[in-house]
Every structure is written in C-alpha cells, then in structure tokens.
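Data block below; observations after.
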Amino acid sequence: MPELPEVEVVRAGMQRHFAGARITDIDIRALRSVRRHLDGPQGFSAALADQRVVSFERRGKFIWALLDDPNTALVVHLGMSGQVLAQRSLQNLPVHARVILSLKPAPHMVFSDQRMFGGMHVDALIESAGRLVPQSMAHIAADPFEPVFDVVAVAARMRRSNSAVKSVLLNQQVVSGIGNIYADEALWRAKLDWARPASNVSLAKLQELLDAAKQVMGEALAAGGTSFDSMYVNVNGSGGYFSRSLNAYGREGEPCPRCGGAIIREKFENRSAFRCTRCQRRQTAPL
DNA sequence: AAGATCGCCTGCAGGC
DNA sequence: TGCCTGCAGGCGATCT
C-alpha cells in the first residue's frame, strides 16, 4: 500500500523518465480511473493534449505534474494498488493498465491500478499551506518532509482531538503521507497504544510520535530509493523493499523486537492495528 | 461540527 | 472442486 516513501519513489522515477516531454496521445482504458476529472474523459484528454510535463511534485501521497499551462496540473493518486510504469513499447502492457499517456521524447507513461481506488485528473492550481497545489487537494496538510511542516503546531493540533491517536495520525488534513503501516510503526517507536485519545497524550509525546513517523518513513525512503529498475517505476506495498524493517505491522503472534512482549492485532476502524502488549500497554480507565 | 461509519474495488487465502 | 467469507486500506461521501 503506497504511503509517502513509496509515492516519493514513484515521483522521483516519473521526474527522471518523463520531465520535459510532451504528451502526444492519451488512451483511457478505464473510465473509473479518470472519475475525478470533472469535465469527463474527453475533457481530461483535451486538457492534456500537446501539453509538456514540466516537473513532478508531491505532497503526502499525492503526485502532480506541472504543465506548460501554468494554471493547471495533472494529478496522480495511486490509491491502494496504483503503479506508474515507463515503457518504451505498448506491447506487454500490464493487465491492469488503465490510462496510457504517450510522450515525446520519453517512454509511455502507463498508469496501472488493479483495484481502481487511485486515478488521474487535471485540476487548477491554488495556494494552500505555503504551496501552489491542485485545488482538489487543498485540504491535504503538509507532510513531515516539507519545510513548512511545523511539528510543534501539528502536535498541538493533534492534542485538541479526542479521537484515538492513530486516527489523528492517519488524518491527512492534520499531517499527510502516513498510512496504516507507518502509523503502526511510528506508534511502536514512540511506545504508544494506538487507541489512546490524542487529547490524553502529552505534547512532548505527540512530537516524539511525529518525529518517529518522519524517521521511519525516511529510512524506508533511503532503502527504497536505490532498489528499483531504471525502466520500471515500481510500487509494491506488501512484498516490497521496505517491509523487512517493520517492527510491529504484520507481526501478530511474534515477540516484540524491543522488549520480547507479544505483538497482537486488533480491529480498528475496519482495518488492523498492531501493537506490543507490554511496551505499548493499554491504560486502564482514568479515575 | 467533529467524529464515526460506509462504499468503492479486485484478488487471494482459508474454511467447508 | 467450488463456493463463500474475510481481508487488504486510501479517501471522499454521508451519516450522527
């Protein structure tokens, strides 16, 4: 499941393969993959035809390409299963190829997405959280790697919520880029039970949690940035290059690498949460 | 009005 | 063998 580090690897690959090239053809194979484009598929194609992709930007899990037209951008979101491939030939397309942009002089940009939670659309640019971003993602907060990210302010904002601290950490309107895997890893590093109300966690501990999230994503990025083929802009959530260093996520029934306690899996908002029952102990109700 | 829940979507693993 | 259920989870929409 692509979270910030995986998305950044894709962005960097796109920058390397496609930046500066001109879009010569647009092939939409799945209407669902362009559903976020408000003008419909024809409008999507019209907005991109003959445009040059100038550079590739990212905030959190969103990628966008700046175009010749300074007022619009091509937004790419990978969702759960999205990949972007650079292919010289249109033969041997992946089974789930959904949108293909042909570029000159560059490989074809193939957007592949098994589950179609992701997609592409063209959008107007507006100012938000210190940057020019596509309008449709103006509500997305800065991610921990942006210069504008203010860890003290974000921790303070988290503390104002009564929701489970994991829920707030996953809220892309508070801090972006963190998904289920890195949330559990950050909580493990900070020795926090995911279910604790954020309002019940100290400001210092919330800062520690945000620092841990940045650290674990930074390490994944360092490991992933060197490990993919030059022609294949890869995203692989489950079996990929970053799963080997996980301490809590997916380790149900294993001993905690830090204290030897038991890692358990619990239900959380219709998904999973992993924690150590010893060093991420659940507090008994106060008073 | 913040916070919780739902629906989207496909492939695969496991149980019977 | 084949059917069924659950699971994976990002994110916007829709409820309370």
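Counting to the nearest Å, the P atom of dT14(C) and the CD atom of E269(A) are 19 Å from each other. Rounded to an integer number of Å, the gap from F274(A) CZ to dC7(C) P is 11 Å. In this structure, R271(A) atom CZ and dG7(B) atom P are separated by 16 Å, rounded to whole Å. Separating the CZ atom of R157(A) from the P atom of dA2(B) is a distance of 9 Å, rounded to the nearest angstrom. In this structure, CE of M80(A) is placed 14 Å from P of dC9(B), rounded to the nearest angstrom. Rounded to whole Å, atom P of dG10(C) lies 16 Å from atom CD of Q83(A). Atom P of nucleotide dT5(B) and atom CG of L170(A) are separated by 15 Å, given to the nearest angstrom. Rounded to whole angstrom, the span from the CZ atom of R58(A) across to the P atom of dG10(C) amounts to 15 Å.
Both R98(A) and N270(A) sit near DNA chain B, but only N270(A) has its closest nucleotide nearer the 5' end. If you find the closest nucleotide of DNA chain C to S272(A) and to F62(A), the one lying nearer the 5' end belongs to S272(A).
In this structure, of dG10(C), dC9(B), dA8(C), it is dA8(C) that holds the atom nearest to the side chain of R265(A). Side-chain atoms of R36(A) lie closest to dG12(C) of the nucleotides dG3(B), dG12(C), dG10(C). The listed nucleotides are dT10(B), dC11(C), dG10(C); the one nearest the side chain of Q114(A) is dT10(B). Nearest nucleotide to the side chain of R32(A), out of dC7(C), dC9(B), dG10(C): dC9(B).
Relative to the ring axis of W188(A), R275(A) does not place its NZ or CZ within 45° and under 6.0 Å from the centre.
Under 4.0 Å is where a charged nitrogen must lie from a carboxylate oxygen, and between R36(A) and D123(A) no such pair does. No salt bridge links R98(A) with D113(A); every basic N to acidic carboxylate O contact stays at or beyond 4.0 Å. Taking a cutoff of 4.0 Å between a charged side-chain nitrogen and a carboxylate oxygen, E57(A) and R131(A) qualify as a salt bridge. In this structure, R58(A) pairs ionically with D143(A), as a charged nitrogen and a carboxylate oxygen lie closer than 4.0 Å. A salt bridge links K166(A) and D184(A); the closest N-O separation between the charged side-chain nitrogens and carboxylate oxygens is under 4.0 Å.
At the heavy-atom level, F268(A) lies nowhere under 4.0 Å from the strands shown. Residue R35(A) is classed as having no contact, given no heavy-atom separation below 4.0 Å to the nucleic acid. Within the 4.0 angstrom heavy-atom criterion, only backbone atoms of the sugar-phosphate kind lie near M116(A); the bases stay farther away. Across all strands, S81(A) comes closer than 4.0 Å to no nucleic acid atom at all (heavy-atom distances). Across all strands, N162(A) comes closer than 4.0 Å only to sugar-phosphate atoms, never to a base (heavy-atom distances).
You'll find a donor-acceptor pair under 3.5 Å spanning the side chain of R115(A) and the base of dA8(C), going by distance alone.
Within the 4.0 Å cut-off from OP1 or OP2 of dA2(B), not a single side-chain nitrogen or oxygen of S161(A) is found. The phosphate of dG12(C) (OP1 or OP2) has no side-chain N or O of H77(A) nearer than 4.0 angstrom. Between H139(A) and the phosphate of dG12(C), there is a side-chain N or O to OP1/OP2 separation shorter than 4.0 Å.
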